[in-house]
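The shown structure was predicted, so the numbers you read here are calculated from the model rather than taken from an experiment. Throughout, protein chains are lettered first and strands after them, A, B, ... in sequence-line order, and every chain is numbered starting at 1.
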2 protein chains.
Amino acid sequence: MTRPPLPPDLFDELCPSTLLPFRFGDKWAALVLRCLEGGPRRFSELRVPLHRVTPKVLTQSLRRLERDGLVVRTVHADPKRGVEYALSPLGRSMLEPLAVACAWAAEHWDELLDAREQYTAP
Amino acid sequence: MTRPPLPPDLFDELCPSTLLPFRFGDKWAALVLRCLEGGPRRFSELRVPLHRVTPKVLTQSLRRLERDGLVVRTVHADPKRGVEYALSPLGRSMLEPLAVACAWAAEHWDELLDAREQYTAP
DNA sequence: CTGTATCCAACATGATACTG
DNA sequence: CAGTATCATGTTGGATACAG
């Protein structure tokens with residue numbers, strides 16, 4: 001009684017490059033999205049909670065989020081408001097799967113740590 | 001009427017390195033997990049649906065999944081069964097957030113593509 | 001305030017060939 | 001069958017300094 005073999009074309013349509021957004025973009029992307037959850041934010045505002053990121057890297061992350069239509073960058077005429085980053089509807093829709101992933105990680109964090117600790121390289 | 005500032009310690013506990021598993025590991029990790037959904041598989045079996053991956057890269061991916069306790073590698077005494085990779089309970093629990101992310105991507109795939117197409121580099 | 005410009009280190013991916 | 005070794009390339013992340 002063997003299991004049926006895996007079809008060779010299992011991931012032709014849903015291939016890894018296709019899956020890239022599943023990985024929630026780059027290192028900071030998910031964090032940026034959550035920072036924007038409460039409304040538009042300025043560049044310098046985002047650097048506060050993400051205090052380990054350099055401006056270059058934050059810019060990169062924001063540009064990619066913009067490119068993928070998750071974030072909208074707005075340069076206001078009124079200098080008081082400056083430049084603001086906000087979630088697009090698409091970006092907002094991504095908060096849900098993101099929250100599910102966060103919940104999973106929070107719930108199983110200890111197990112992940114334990115596993116890494118007990119693992120000894122081959 | 002301004003929004004409250006983002007707290008500087010928002011991600012001290014849930015920092016990006018912490019968030020790494022959210023990104024579902026490396027390029028092939030999510031695909032490997034889904035391949036194991038139906039039960040244990042052999043190394044060479046996994047290469048069939050992931051036919052673009054070289055043995056080295058598949059090994060890397062499997063080792064990392066093993067290290068994080070998501071996958072269990074078993075060398076059977078019976079040579080008929082050889083080496084099998086299977087989901088651990090932890091790995092199995094990850095299928096759920098993974099499925100949510102997949103569903104989101106499937107639903108919004110066109111929007112993502114459109115956004116990329118329309119985007120013109122700054 | 002909102003970024004750019006360099007330069008550099010680390011890591012991820014992959015092609016190819018080889019081994020017990 | 002189940003990998004390992006080598007080499008090459010590309011992508012990320014980041015430190016530092018500077019600019020409009």
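- At a threshold of 4.5 Å between non-hydrogen side-chain atoms, the residues A/Leu62 and A/Arg73 do not count as touching.
- The separation between A/Arg63 atom CZ and D/dT11 atom C1' is 19 Å, rounded to whole Å.
- Taking hydrophobic clusters as Ile, Leu, Val, Met, Phe, Trp and Tyr residues chained together by side-chain heavy-atom distances below 4.5 Å, B/Leu98 shares a cluster with B/Trp109.
- Summarising the geometry, the separation between CG on B/Leu46 and P on D/dC1 is reported as 13 Å, rounded to the nearest angstrom.
- A distance of 12.0 Å separates CG of B/Leu70 from CZ of B/Arg92, quoted to the nearest 0.5 Å.
- What separates CD of A/Glu45 from P of C/dG3 is a distance of 13 Å, to the nearest Å.
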Exercise for review: Sugar-phosphate atoms are those with a prime plus P, OP1 and OP2; base atoms are the rest. Using that split, label each nucleotide of nucleotides 14-20 of chain D B, S or - for protein heavy atoms under 4.0 Å, 5' to 3'.
Suggested key: BB-----

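- In this structure, A/Arg41 places its CZ atom 20 Å from C1' of C/dG3, rounding to the nearest Å.
- Rounded to the nearest 0.5 angstrom, A/Cys35 SG and A/Arg41 CZ are separated by 8.0 Å.
- Note that the CZ atom of B/Arg63 and the OH atom of A/Tyr119 stand 6.0 Å from one another [nearest 0.5 Å].
- In this model, the phosphate group of C/dC1 is approached by a side-chain N or O of A/Ser44 to a distance below 4.0 Å at OP1 or OP2.
- A/Arg47 comes within 4.0 angstrom of nothing in the nucleic acid, heavy atoms only.
- Contact annotation for A/Arg81: no contact, since no heavy-atom pair falls under 4.0 Å across all strands.
- In this entry the distance linking CG of A/Leu58 with C1' of C/dC1 reads 13 Å, nearest Å.
- To the nearest 0.5 Å, atoms OH (A/Tyr85) and CG (A/Leu33) are separated by 13.5 Å.
- Between B/His76 atom NE2 and D/dA2 atom C1' there is a gap of 14 Å when expressed in whole angstrom units.
- Expressed to the nearest 0.5 Å, how far CZ of A/Arg47 lies from OG1 of A/Thr54 amounts to 7.0 Å.
- Side-chain heavy atoms closer than 4.5 Å link hydrophobic residues (I, L, V, M, F, W, Y) into clusters, and following such links, possibly through other members, connects A/Leu36 to A/Val57.
- For the pair B/Arg42 (side chain) and B/Arg81 (backbone), a donor-acceptor distance under 3.5 Å is present.
- Listed pair B/Arg42 / D/dC1 fails the phosphate criterion, with no side-chain N or O lying under 4.0 Å from OP1 or OP2.
- B/Leu50 has its CG atom 11 Å from the P atom of C/dG14, to the nearest Å.
- Taking only side-chain nitrogens and oxygens, A/Tyr85 comes nearer than 4.0 Å to OP1 or OP2 of C/dG3.
- In the helix from C/dC1-D/dG20 to C/dG20-D/dC1, the end axes, each obtained as the rotation axis mapping the C1' atoms of four pairs onto the next four within a five-pair block, lie 50° apart to the nearest 10 degrees.
- When the side-chain nitrogen and oxygen atoms of B/Arg64 are compared with OP1 and OP2 of C/dC11, none of them lie within a distance under 4.0 Å.
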